[in-house]
Structure formats: C-alpha cells, structure tokens
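Here the structure is laid out as structure tokens; the discussion comes afterwards.
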Number of protein chains: 2
Amino acid sequence: MTAHKHPPEAGQTADQGFVRHYLLYLLAAASEGVSTEFHAQVRARGVRVPEWRILACLADEDGQMVTQLAALALMEQSRLTKIIDQMADKKLVTRRSDERDRRRVRVFLTATGRSLARELVEDARIHEAGIIDQISPAQAAILKHVLARIVALHGPEARPAGERRTTRPAEEES
Amino acid sequence: MTAHKHPPEAGQTADQGFVRHYLLYLLAAASEGVSTEFHAQVRARGVRVPEWRILACLADEDGQMVTQLAALALMEQSRLTKIIDQMADKKLVTRRSDERDRRRVRVFLTATGRSLARELVEDARIHEAGIIDQISPAQAAILKHVLARIVALHGPEARPAGERRTTRPAEEES
DNA sequence: ATCCGGAATATGAATTATCATGTTTTTGCC
DNA sequence: GGCAAAAACATGATAATTCATATTCCGGAT
C-alpha cells in the first residue's frame, strides 16, 4: 500500500510464483536464454536460425528426407519446405528425389553448405562448452541425460505420428 | 515407425550425431515436446498459447508492467502489447496506467481472467506432476535446479538490458 | 524552468509461420 | 491388375511475428 518506490508494490505474490518453478517454464526459459545467445553468432555469419538448424541436422546425416528432417529439426513440414527453398537458392543445399520412392525428396548439403555447417557446429561446440563449464560438467552430464529421457518420452518420434499437431480447436466465440 | 524398409544409405553418420547430444538441442526438443503436449489442453479450453503464458504470469503477480511481463513471458514487448490487446477484447485482462509513472501500463486480470488462469495453472500442475513422475521426482528436482541455474546465468534478467533484442548486430565478428 | 537523453508503450509495414488442401507416388487389398 | 487409402511434398491464403519507428513521459543537467 505505502510502498511508493519504483519496483514491485503489486499483487499478492505467493512465495516466488508458480511460473518460476514450473518445469515447462524452466525448460522454455533455459532454452530461450542459451539459444538466443548462440543465435547472435549464427546471424553474425549471415545465417538465419532455422537455416542453422537444418545445416546442423544435415551435417549429422546428409540426404535426409524432408519429413525426417522436419521432425528432427522440430519444425513443421510445410515450413521446412520453404526454408529448403531459400537454402537451395543460396546454394547451401540441393534436392534430389529418392530413387526407390519418388514421393520422397532428399536434401543434401552442397560443398558450401557443408563447410558452413562445419564452422557453425564448431562454434556451437565451443559455445556449449562454455555453458557446461559454468554449470559444472558433472551436472551437465546429468542434465543431458534427463533431457534425453524427456525427449525420448515426449519428443517428436515418441508421438503417435497422427496426432503431431491435431487438436480440436473448439472455436468458441467470445 | 521409422524407415523399416529403406536403410539409411545416406551420409557419414558419426555415432549418433552431434545434434542429438547438443545441449541447446536437447533443451529445445525437451521444451518443445512437453509443451506441445500441454498446449493441446490449453487450446482445448479455447485459449491460445501466448495467452496462457500471460495468464500464468499475471496469476503469479497481478498488475505487472508490460516490459516486465514481456521479459518474464519470454516474448518481445511489441508482441506482448498486441496479445494484451486481444486479451483485453476478450475481457481477460484490463490495462491501467501507473499513477507514479504514467509511461508505464500495468496489466491486471479480470475476474474471468483470474479464474481461467487458476484453472489452467491447476491443469499445468497436474500435467507437470505426470512428467516429474515419469522421470522420478529426485531427478526432476536436480533438473529444475540446474535449469534454474542456467536461467539465472543466461535468462532474460541476466542480459545487459540493452542487448535484449534491440539495435542491429552491427555486422561485426570478433 | 528548459532541454536532452532515455525509458515505456504503441503502431504499422514487411516478413514468417500456420493451416488446410492439392498433387503425385506408393502400398495394401480384393 | 485395379482401386482406395495413405504417405510425402508443395502451395497458397490467412494469421502471427518481427523490426523499425513514433509517441508520451520521466529525470537529470544546464
């Protein structure tokens, strides 16, 4: 009531709030925080974030099909298609349709794309090392382990493949 | 589910790839996975994801100023402004300008907004409990602790406040 | 007081992402 | 073999997001 300084003075703050202890928030905030940091480096190289993700995925395994790649890169197929278009324009990747199944389109790094990918992956490793250092390698190892488990349980390949985005919108007028 | 027909036949797969062990990827994938799951419930209630985030933040502390709220909710100020517009239309929140500093706009939950927020937070708690159960409460506790540390080091309030997303990167590489 | 820089929000044009659907190819079934 | 159904991508209209900038207001220095 009488707190006329600048900061809080507001609502009925419980302990320190639900949000700050909520697992999904912590995951999002941690991800956001560290990623934003690295993304600055990515952009500094003239690469957009979604492109970096694709480069990294392809550096791991070249010639993935679009659907695969989209799942791995955590993005929707139609979006990936468009990003691939742009990357193809920039000569970072090329498309080639699969021999055995011509519905499939496989995406390959060009020489340029590959070397760019290598550089960025190297940067990423360095950046990651910095973070792991800050939180102690031991804790980082545990962290990665638990995260991997969560991803295994709730990640892209863990979902029934038909409900990867399906929900009843339940359009209520308001 | 995965290509049980065609063997990879593709690239020079190292062990299992860089990406799948990369901390930033694990964070993003874990976050994505568990969040997508819960977001289905949110949408089922006719609430959009960004709205849910704001509701949760305001439930924690009502009457936050826009900038604060944006930082906490991990979104840009201009975006938040627009979301607040929509939420105000739906009578979930109201704006009131701060007495002491009239540049500031404080956002408050309406009665409707508050009860919706409560319901959703309750859902979130239940959902979270399910996940924590899967990965054992002990590991979950460690996970949260490490995540909180990462957020403290790299999160919104940990950044120089001038480089939070503004001003062009200046094309420089160091 | 007045001026100047910076903080807090709002706004609008340009860019991106999403959703539903279309096209082509393959598979499974009869 | 022929057909229906499903898989894999592409596309285009709609909606959301970003980026730069405008507007208003505060605080300190002159």
Exercise for the section: Using only heavy-atom distances, decide whether a donor-acceptor pair under 3.5 angstrom links the side-chain of Lys82(B) to the base of dT9(C). Expected result: no

Exercise for the section: Rounded off to whole Å, could you give me the CD-to-P distance for the Glu76(A) and dT14(D) pair? Expected result: 18 Å

Practice task
For dT26(C), take OP1 and OP2 only and decide whether either is under 4.0 Å from a side-chain N or O of Arg102(A).
Solution key: yes

Problem - Leu69(B) CG to dT9(C) C1', straight-line distance once rounded to whole Å - result: 13 Å

Problem - Thr81(A) side-chain N/O to dC9(D) phosphate OP1/OP2 under 4.0 Å - result: no

Handout entry: Lys/Arg N to Asp/Glu carboxylate O, Glu128(A) vs Lys144(A), below 4.0 Å
Key = yes

Practice task
Write down the atom of Thr110(A), the atom of Thr94(A), and the distance for their closest heavy-atom approach.
Solution key: CG2-CG2, 3.8 Å

Exercise for the section: Could you state the atom-to-atom distance from CD1 of Ile83(A) to P of dC9(D) in whole Å? Expected result: 15 Å

Handout entry: Shortest non-hydrogen separation from Cys57(B) to Leu69(B) and the atoms involved
Key = CB-CD1, 3.6 Å

Practice task
Respond yes when some side-chain nitrogen or oxygen of Arg48(A) is under 4.0 Å from OP1 or OP2 of dT16(C), and no when none is.
Solution key: yes

Handout entry: Set of ring-ring contact (aromatic ring centres under 6.0 Å, His included) partners for Phe38(B), sequence neighbours left out
Key = Trp52(B), His127(B)

Exercise for the section: Check the distance between dA16(D)'s P and Ile84(B)'s CD1 and give it to me in whole angstrom. Expected result: 15 Å

Exercise for the section: Answer with yes or no whether Gln77(A) presents, from its side chain, a donor or acceptor under 3.5 Å of a partner atom in the base of dA8(D). Expected result: no

Exercise for the section: Look at the side chain of Arg103(A) against the base of dA7(D) and say whether a donor-acceptor pair falls under 3.5 Å; ignore hydrogens and angles. Expected result: yes

Handout entry: Interatomic distance where CD belongs to Gln68(A) and P belongs to dA7(D) [whole Å]
Key = 16 Å

Exercise for the section: Name the nucleic acid region contacted by Met65(A), choosing base, sugar-phosphate or nothing; use a 4.0 angstrom heavy-atom cut-off, strictly under. Expected result: sugar-phosphate

Handout entry: Asp98(A) CG - dT24(C) P separation (whole Å)
Key = 19 Å

Fill in the blank from the handout: Arg106(B) CZ to dC25(D) C1', in whole Å, measures 15 Å

Completion exercise
In short, Asp62(B) meets Leu109(B) closest at the heavy-atom pair OD1-N, 2.9 Å

Problem - Length of the CZ-C1' vector between Arg79(A) and dC9(D), whole Å - result: 17 Å

Exercise for the section: Measure distances between side-chain N and O atoms of Ser78(A) and base N and O atoms of dC19(C), and say whether any donor-acceptor pair falls under 3.5 Å. Expected result: yes

